Amino acid sequence: MDSKDLSSALLTSDTSYPGPPGPGREPSECHSPGRSPGVPGGRRRKAWSCSLLAASLVGAFGSSFLYGYNLSVVNAPTLYIKAFYNETWERRHGHPIDPDTLTLLWSVTVSIFAIGGLVGTLMVKMIGKILGRKHMLLVNNGFAISAALLMACSLQAGAFEMLIVGRFIMGVDGGIALSVLPMYLNEISPKEIRGSLGQVTAIFICVGVFAGQLLGLPELLGKESTWPYLFGMIMVPALIQLVSLPFLPDSPQYLLFEKHDEAGAVKAFQKFLGKADVSRVMEEVLAESRVQRNIHLVSVLELLRAPFVRCQVITVVITMACYQLCGLNAIWFYTNSIFEKAGIPPRNIPYITLSTGGIEILAAVISGLVIERLGRRPLLIGGFGLMTLFFGILTITLKLQDRAPWVPYLSIVCILAIIASFCSGPGGIPFILTGELFQQSQRPAAFTIAGTVNWLSNFAVGLLFPFIQRSLDTYCFLVFAAICFTGAVYLYFVLPETKNRTHAEISQAFAKRNKAYPPEEKADSASADETGNQKPEPDSPSSTLNNCAKNRVV
């Protein structure tokens, strides 16, 4: 092959030629995709471009922020909403509402948010392939705006059904957001900062919780005449996302794998990475594409039946179940009653509740800063382990709260410690793991499974916690301690570290435990072994290029 033909082959090849030997590189060694060339010690440059930051902030503000906001916004106006239910019932039927009926209506109002979330999660797989990640987020704003209008106008219309239906529609918005946003962030970010960018989801959930608590203060919108505006504020983030997100590209991996638009994928990577040369990133993505060249988007049933991802599926199910069943939603939904039992004066409760939101944000931001240094595994296991410890201490302090005046404040410290432990790892990493443990063709089905477990667990906690609290009294938090302990033990023995690893490398880490390899991986491995047994000509550039490409795929 002459020099002209070789140059043409290198320009059209999917894999870059490794180049001449340099310092610290073996003469025949292929360039490893896990290291940054020319950077001492393999240190990775943090590619935080303006477009990447804008996509993560705008996407999270109109998605996970609203999820967190709707978790906490029902706390402050609880008494006013119940009074509204009673007045409406008395006007319609001529007598006050029965206390049991009122409790049921309020439980439905709180828990129907999770039912809507489940419906939204199931919708993602059906319409996500057509719309893509970005346009799915844009369409989702329609649910948020319609829900905000229904809930904000319910008092003026004298129909509490509008509030319940609005909560359901807002749940649909949350279900779509918590499935599509982590996929979008996972696919637009380089693997070196995938964890930090993924933590944006958790950070904005915490910011949303804090915003709901802040606006619910009596000095702001937490009054009898203004509580509907708390729900009307939902329109603001939705409208901001609706007018901002269209200026940003869709997921490059979606464009490449599902729309087969390689030129569009290159432009999207250039926009998100802030540089013209994206050949290195495209190499890694195309390597995954070659491994999956004969794979279609798998269904949920196919993913559940596949033996080579069984351990990944079980890990995601257990992690998502622990994420919801660990007791944080019980604290978010019923913070006021917990603080009342701790002996805090009612006038001080809204301000102490606000401190929980501040602790959440601080812990989530710190987690986002250290996740690429410490890794997913220590933060996740450590978070569940610390929650187990502090739930045990909280049970003791609630049992002994009448023994000394300072004991109730120790209960508050325990609650803040539980929240900080949750947000330091379990609060955001489950969404990151769901995107990291599965290949592109499996990811929509994986998020459907994770979202289903997430929302069913959310509904169970919202509906059953009052009865658990009534039956077990101060021992109710031992149930959550047992769940956190179980999750920590399972993850300690099963979960490998995923930071700075490609999807193919993560799949390999699970392969021994699954005792099965994907059919494409086995075929490619066999091909590579067969090729390896044939001795190439020592001076053939094309032979070197082909060997590098095959080693990279395998």
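The shown structure was predicted, so the numbers you read here are calculated from the model rather than taken from an experiment.
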If we ignore hydrogens and angles and just use 3.5 Å, is the side chain of [X] paired with the main-chain N or O of [Y] as donor and acceptor?
X	Y	value
N186	P182	no
S154	L163	no
R376	L433	no
T315	C311	yes
S51	F272	no
S299	E302	yes
N140	D173	yes
D250	K134	yes
N86	P96	no
E224	Y80	no

Which heavy-atom pair separates [X] from [Y] by the least distance, and what is that distance?
X	Y	answer
C484	C326	SG-CB, 3.5 Å
L150	V165	CD1-CG1, 4.0 Å
Q241	G59	NE2-O, 2.9 Å
S367	C423	CB-O, 3.9 Å
A144	A238	CB-CB, 3.9 Å
L248	A54	CD1-C, 3.9 Å

Are [X] and [Y], when compared by the centres of their aromatic rings, separated by less than 6.0 Å?
X	Y	value
F160	W106	no
F431	Y323	yes
W455	Y67	yes

Can you confirm whether [X] is buried at [atom1], in the sense that more than 12 heavy atoms of other residues, nucleotides or ligands lie under 6.0 Å from that atom?
X	atom1	result
Y490	OH	yes
E219	CD	yes
R92	CZ	yes
M233	CE	no
R373	CZ	no
F143	CZ	no
E161	CD	yes

Distance, nearest 0.5 Å, that separates [atom1] of [X] from [atom2] of [Y]:
X	Y	atom1	atom2	result
C206	E360	SG	CD	4.5 Å
F480	L478	CZ	CG	10.5 Å
I449	F438	CD1	CZ	6.5 Å
L118	M123	CG	CE	12.0 Å
R377	L379	CZ	CG	12.0 Å
L354	S72	CG	OG	10.0 Å

Check against side-chain hydrogen bond (donor to acceptor under 3.5 Å, both in side chains), T109 and Y85: CA-CA 11 Å; T109 304; Y85 284 4; 2.7 Å; yes
Non-hydrogen side-chain atoms of [X] and [Y] separated by less than 4.5 Å:
X	Y	answer
P77	L230	yes
F384	L380	yes
I234	L66	yes
P246	L138	yes
I205	L178	yes
T395	K399	no
T397	V413	no
M235	L149	yes

If you apply the rule side-chain contact (heavy atoms from CB on, under 4.5 Å), what do you find for F113 with M170, and how did you get there? CA-CA 7 Å; F113 178 69; M170 205 59 233; 4.2 Å; yes
Give the C-alpha distance, both sets of side-chain angles, the deciding distance and a yes or no for side-chain hydrogen bond (donor to acceptor under 3.5 Å, both in side chains) between Q324 and S457. CA-CA 6 Å; Q324 288 291 355; S457 303; over 6 Å; no
Evaluate the side-chain contact (heavy atoms from CB on, under 4.5 Å) criterion for residues I429 and Q199: first the C-alpha distance (whole Å), next the side-chain angles of each, then the deciding distance (0.1 Å), finally the verdict. CA-CA 7 Å; I429 294 178; Q199 275 295 95; 4.1 Å; yes
Give the C-alpha distance, both sets of side-chain angles, the deciding distance and a yes or no for side-chain contact (heavy atoms from CB on, under 4.5 Å) between F391 and L386. CA-CA 8 Å; F391 270 131; L386 288 174; over 6 Å; no
Distance under 6.0 Å and angle within 45° of ring axis: R167 vs F231: no
For the pair Y69 and F65, name the ring-plane relationship: parallel under 30°, tilted 30 to 60°, perpendicular over 60°. parallel
Given side-chain contact (heavy atoms from CB on, under 4.5 Å), test V316 with Q312 step by step and report yes or no. CA-CA 6 Å; V316 165; Q312 290 96 308; 5.7 Å; no
Below 4.0 angstrom, N of the basic side chain to O of the carboxylate: do K499 and E372 qualify? no
